Novice: 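Take a look at this one; I'll ask things after.
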Amino acid sequence: MIKWAGWLMVLFGAAHTLGALTVEKAASHAGAWFSGALWRDDLAAMSQANSAFWLSVYSFGVPLVVVGLMVLWLDRNGITPPRFIAWVLGIWTVVGAAVLVITPWPILLAANVLLLLGIRRATRPAPGAGSVSPATK
């Protein structure tokens, strides 16, 4: 379950970033991004180039890929990811779902549920065994 959660996070983050760059054509503003055009751009009255930058390269996509890869790395090395990753991403997902109802947020919610279930399974003491590791509480 932890592995599935990590891969779903990587997929969601990568799909968001790559989709914004290609389908939404954010990459067409790359010339403006690297020419310094955004240095004095007004965030309250955002230009199309600035909006495309925040939608794609500087969105949640890349950090979510990193979190997903971190979850996979922890799992691969026999370390149970901490619960706060699933809880924080889960709360963030619910807020996003309330604001933007028609988005693929159920995929990320599924990843968070899988992560919580996987952590619970990994930290559940075997019958007759000792207590749960304090690092994963």
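Please read all numbers here as calculations on a predicted model, not as lab measurements.
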Novice: Would you mind reporting whether Val57 and Leu21 have side-chain heavy atoms less than 4.5 Å apart?
Specialist: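 Counting from C-beta outward, Leu21 and Val57 do come under 4.5 Å.
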
Novice: Just wondering, are more than 12 heavy atoms of other shown residues or ligands nearer than 6.0 Å to CH2 in Trp7?
Specialist: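 Not buried by this count: 12 neighbours or fewer within 6.0 Å.
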
Novice: Quick check: is Val71 connected to Ile107 through a chain of hydrophobic side chains (ILVMFWY, heavy atoms under 4.5 Å apart)?
Specialist: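 Yes, Ile107 connects to Val71 through the hydrophobic network.
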
Novice: Is the closest side-chain heavy-atom distance between Leu8 and Leu115 below 4.5 Å?
Specialist: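 No, their side chains stay 4.5 Å or more apart.
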
Novice: Determine whether Met9 and Val65 make a side-chain contact, defined as any pair of heavy atoms from C-beta on separated by less than 4.5 Å.
Specialist: no

Novice: Once rounded to the nearest 0.5 Å, what's the spacing between atom CG of Leu109 and atom CZ of Phe12?
Specialist: 10.5 Å

Novice: Grab the two heavy atoms, one from Leu18 and one from Thr22, that are nearest each other, plus how far apart they are.
Specialist: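 Heavy atoms only, the tightest pair is O-OG1, 2.7 Å.
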
Novice: Run the ring-centre check on His16 versus Phe60 and record whether the distance is less than 6.0 Å.
Specialist: yes

Novice: Let me check something: do Val67 and Val113 share a hydrophobic cluster, defined by ILVMFWY side-chain heavy atoms less than 4.5 Å apart, either directly or through other members?
Specialist: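 Same cluster.
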
Novice: What's the separation between atom CZ in Arg83 and atom OG1 in Thr123, rounded to the nearest 0.5 Å?
Specialist: 4.0 Å

Novice: Any idea how Phe53 and Tyr58 line up, ring-wise: parallel (<30°), tilted (30 to 60°), or perpendicular (>60°)?
Specialist: parallel

Novice: How long is the gap from CH2 on Trp92 to CG on Asn112, to the nearest 0.5 Å?
Specialist: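 Reported to 0.5 Å precision, the distance equals 9.0 Å.
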
Novice: Over all heavy atoms of both residues, which pair between Leu74 and Pro82 is shortest? Give the atoms and the distance, please.
Specialist: CD1-CD, 4.2 Å

Novice: Measuring from atom CZ of Phe84 to atom CG of Leu89, what distance do you get when rounded to the nearest 0.5 angstrom?
Specialist: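 Output value for this atom pair is 10.0 Å.
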
Novice: For Gly68 and Val10, work out which heavy atoms get closest and say how close.
Specialist: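 Scanning both residues completely, I find the closest heavy atoms to be C-CG2, 3.6 Å.
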
Novice: State, to 0.1 Å, how close Thr80 and Ala122 come at their nearest heavy-atom pair, and which atoms those are.
Specialist: OG1-CB, 3.6 Å

Novice: With side-chain contact (heavy atoms from CB on, under 4.5 Å) as the criterion, how do Trp73 and Leu69 come out once you've worked through the C-alpha distance, each side chain's angles and the decisive distance to 0.1 Å?
Specialist: CA-CA 6 Å; Trp73 184 87; Leu69 290 173; over 6 Å; no

Novice: I need the Met70 CE to Leu64 CG distance, nearest 0.5 Å.
Specialist: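 Interatomic distance, Met70 CE to Leu64 CG, rounded to 0.5 Å: 10.5 Å.
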
Novice: Do Leu114 and Ile2 come within less than 4.5 Å of each other through their side chains, counting heavy atoms only?
Specialist: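 With C-beta onward as the side chain, the pair stays apart.
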
Novice: Examine Trp54 and Phe34 and state if one hydrophobic cluster contains both, with Ile, Leu, Val, Met, Phe, Trp and Tyr joined whenever side-chain heavy atoms are less than 4.5 Å apart.
Specialist: yes

Novice: Following the transitive rule for hydrophobic clusters with a side-chain heavy-atom cut-off under 4.5 Å over Ile, Leu, Val, Met, Phe, Trp and Tyr, establish whether Ile85 and Ile119 coincide in one cluster.
Specialist: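 Cluster IDs for Ile85 and Ile119 match.
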
Novice: Do any N or O atoms from the side chain of Ser51 and from the backbone of Gln48 form a donor-acceptor pair under 3.5 angstrom?
Specialist: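 Not a single qualifying donor-acceptor pair exists.
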
Novice: Ile91, Val101: one ILVMFWY side-chain cluster at the under-4.5 Å cut-off?
Specialist: no

Novice: Within this structure, what is the CE-CG distance for the pair Met1 and Leu116, rounded to the nearest 0.5 Å?
Specialist: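 Separation between the atoms: 11.0 Å.
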
Novice: Just to verify, which of Leu38, Leu55, Asp42 counts as forming a side-chain contact (heavy atoms from CB on, under 4.5 Å) with Asn50?
Specialist: Leu38

Novice: Is it the case that atom CH2 in Trp33 sees more than 12 heavy atoms from other parts of the structure closer than 6.0 Å?
Specialist: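 Yes, CH2 of Trp33 has more than 12 neighbouring heavy atoms, counting only those of other groups under 6.0 Å.
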
Novice: Identify the two heavy atoms, one from Ala111 and one from Ala5, that lie closest to each other, and give their separation to 0.1 Å.
Specialist: O-CB, 3.2 Å

